[in-house]
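Structure first, commentary second.
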Protein chains: 2
Amino acid sequence: MGDTYAGKRRGRQREADRNDARLFQAAREVFAEHGWDAPVSEIARRAGIGMGSLYRRYPSKELLVQRMRIAGMEQLVAQARTALAEEPDPWAALVRFFRDALADQGTGGPLLPLVGGRLPATDEVLTAAEQLRAALDALVDGAHWAGVLRADFTSADIPLLLEHLTPRIPVTGERATALHLRYLDLALAGLRTPDPGQPTALHGTAPQWAELRDLWNAPES
Amino acid sequence: MGDTYAGKRRGRQREADRNDARLFQAAREVFAEHGWDAPVSEIARRAGIGMGSLYRRYPSKELLVQRMRIAGMEQLVAQARTALAEEPDPWAALVRFFRDALADQGTGGPLLPLVGGRLPATDEVLTAAEQLRAALDALVDGAHWAGVLRADFTSADIPLLLEHLTPRIPVTGERATALHLRYLDLALAGLRTPDPGQPTALHGTAPQWAELRDLWNAPES
DNA sequence: ACCTATCGGAGCGGAGCACTCCGCTCAAAA
DNA sequence: TTTTGAGCGGAGTGCTCCGCTCCGATAGGT
């Protein structure tokens, strides 16, 4: 986001800024499509810059991925806050959040903070995860308070549900997003508080944030 | 399945049969975990056999994968027929089928006929796909006829929905299955015919079987 | 005891990747 | 205009990993 006041940089520095933005977007897309196995050269190619420029900004692939997953978590936080701020109804806010998150994924963000439990947790990652937890808790607590969200669905379910709704399929672009939203529609119906007639608890035990942490980060070395 | 009357083969042939079964199971598990990128050597290792024996049965990785995806489709067919035969209620049959399919995936089958649109369609694959279509049509038509399944959900939605419910997550075994079943519970609620008050059509256009075929098979060479 | 079908796994060849290195570009200084 | 050097692009390098082959070891049948 606005880490530089992009004001009066000129010439080559201007080009550097453009490169940075393109690089960021390309990395989002390519990692979203190929996961950790995305070739760095493909990112450079799609960004229209050279390998040298890429490696000047990010000295290793690992650093690039760490930056991306932090950005992904921060975007989820922003989307949660926006939904909460702009939708007065708690249920509408929840729906809005899921739709925004999925649509963004469709246009190619690795919004899923999972790069597969392959990378160690840095302080930045843990901080972002903590903010994500807070933002999702706000969404979920609001809906629970209003009684519209089933009680056995927790904030830690959200990242897992998003993961389930955005599998890697050999389709990209708008059609992929449409399919993701299609099955989100099904899941949303299941999120409403069920009629008292049928208790129908969800399968399994509710996930905890500690479980997500273990799942997102590599076991410490 | 019972392709050989496993009767009176002895000695080395007996070992060969054991190897075949172990190989099959190991391949299911490893492909389920790693997809196409699963190393063949890992399959041999987990089956407890040598590379030589593996390659005598399947002269190439591609043939092995083709066999696996056909087996995956045939198993779905069997599960659909079992559900239909054993559950008189159409809704119960549908639920039974989804649960069986997901549980089997958890114990490690590449039941998803997608290996990623990487392989050409053989006659066998097309035949299996046709049988799968017929079996799923029977399930879906029954539920539609009874009015319990929302009208805009089609049989071609099922493979895609299963794919959405079984993403690759860095968790395996029972916990993975439990999570898949957990979010299946949400989707099932969305599959019921909605109250007439809210039309609430699903997002996107319903998938067609032709779309699945294009998605499962590599573009012809 | 011999034969041979079958087994296991070390090793080969090549593909692909992260990363480096260096010649070039071009805006700005002189 | 000439000089300069920060910043650029991408070919090349070294390495890892994987599909597949080859052949010596193994053991059931006779």
Side-chain angles (χ1 to χ4, degrees), chain A residues 4 6-27 29-31 33-69 110 115-116 118-120 218, chain B residues 4 6-27 29-31 33-69 110 115-116 118-120 218:
Chain A
T4 59
K8 285 280 91 52
R9 293 160 66 87
R10 284 171 303 159
R12 268 284 152 83
Q13 292 189 325
R14 202 183 190 83
E15 183 178 359
D17 290 344
R18 268 203 315 275
N19 282 350
D20 221 8
R22 283 191 192 176
L23 181 55
F24 190 87
Q25 178 61 21
E29 293 180 14
V30 176
F31 280 126
E33 289 173 25
H34 300 26
W36 169 264
D37 294 334
V40 175
S41 58
E42 167 67 12
I43 297 175
R45 198 188 59 74
R46 204 177 297 197
I49 70 175
M51 296 287 292
S53 306
L54 191 160
Y55 269 88
R56 191 169 317 100
R57 319 260 162 213
Y58 300 96
S60 75
K61 181 180 185 176
E62 177 166 332
L63 285 176
L64 177 57
V65 171
Q66 292 282 40
R67 167 88 191 271
M68 287 301 125
R69 64 169 180 161
V115 193
R118 220 174 307 238
L119 297 183
Chain B
T4 60
K8 287 277 91 53
R9 292 160 67 88
R10 286 173 301 161
R12 267 282 151 83
Q13 292 189 324
R14 203 184 189 82
E15 182 178 0
D17 290 344
R18 270 202 315 276
N19 281 351
D20 220 7
R22 284 191 192 174
L23 182 55
F24 189 87
Q25 178 61 22
E29 292 179 16
V30 177
F31 280 126
E33 288 172 25
H34 300 23
W36 170 264
D37 294 334
V40 174
S41 58
E42 167 68 14
I43 297 175
R45 198 188 60 73
R46 204 176 298 196
I49 70 174
M51 296 287 293
S53 306
L54 191 160
Y55 269 87
R56 191 167 320 100
R57 319 262 162 210
Y58 299 96
S60 75
K61 180 179 185 178
E62 178 167 330
L63 285 177
L64 177 57
V65 172
Q66 291 283 40
R67 168 88 191 271
M68 287 301 125
R69 66 171 178 157
V115 193
R118 219 174 306 238
L119 296 183

(request) By nearest nucleotide on DNA chain C, pick out whichever of A:Arg56 and B:Gly52 is the more 5' one. (result) B:Gly52

Would you mind reading off the distance between [X] atom [atom1] and [N] atom [atom2], rounded to a whole angstrom?
X	N	atom1	atom2	result
B:Arg45	D:dC18	CZ	P	12 Å
A:Leu63	C:dC19	CG	P	9 Å
A:Trp36	C:dG16	CH2	P	20 Å
A:Arg22	D:dC8	CZ	P	12 Å
A:Arg57	D:dC8	CZ	C1'	10 Å
A:Asp37	C:dA18	CG	P	9 Å
A:Arg46	D:dG9	CZ	P	17 Å
A:Glu62	C:dC19	CD	P	9 Å

Flag side-chain contact, heavy atom, 4.5 Å: [X] against [Y]:
X	Y	result
A:Phe31	A:Arg69	no
B:Tyr58	B:Leu23	yes
A:His34	A:Pro39	yes

Nearest-neighbour nucleotide for the [X] side chain, [options] considered:
X	options	value
B:Pro39	D:dG19, C:dC17, C:dG8	D:dG19
B:Val40	D:dG19, D:dG7, C:dA18	D:dG19
B:Lys61	D:dC20, C:dC17, C:dC7	D:dC20
A:Tyr55	C:dC7, C:dT20, D:dC8	C:dT20
A:Met51	C:dG8, D:dA11, C:dA10	D:dA11

(request) Output the distance between atom CZ (B:Arg67) and atom CZ (B:Arg57), rounded to the nearest 0.5 Å. (result) 11.0 Å

(message) Quick one about A:Glu29 and A:Gln25 (side-chain donor to acceptor, distance below 3.5 Å, no hydrogens or angles considered), yes or no?
(response) yes

(message) If you compare every side-chain N and O of B:Ser53 against the phosphate oxygens of C:dT6 (OP1, OP2), does one of them come in below 4.0 Å?
(response) no

(request) Assign A:Ala47 to base, sugar-phosphate, or nothing according to its heavy-atom contacts below 4.0 angstrom with the strands shown. (result) nothing

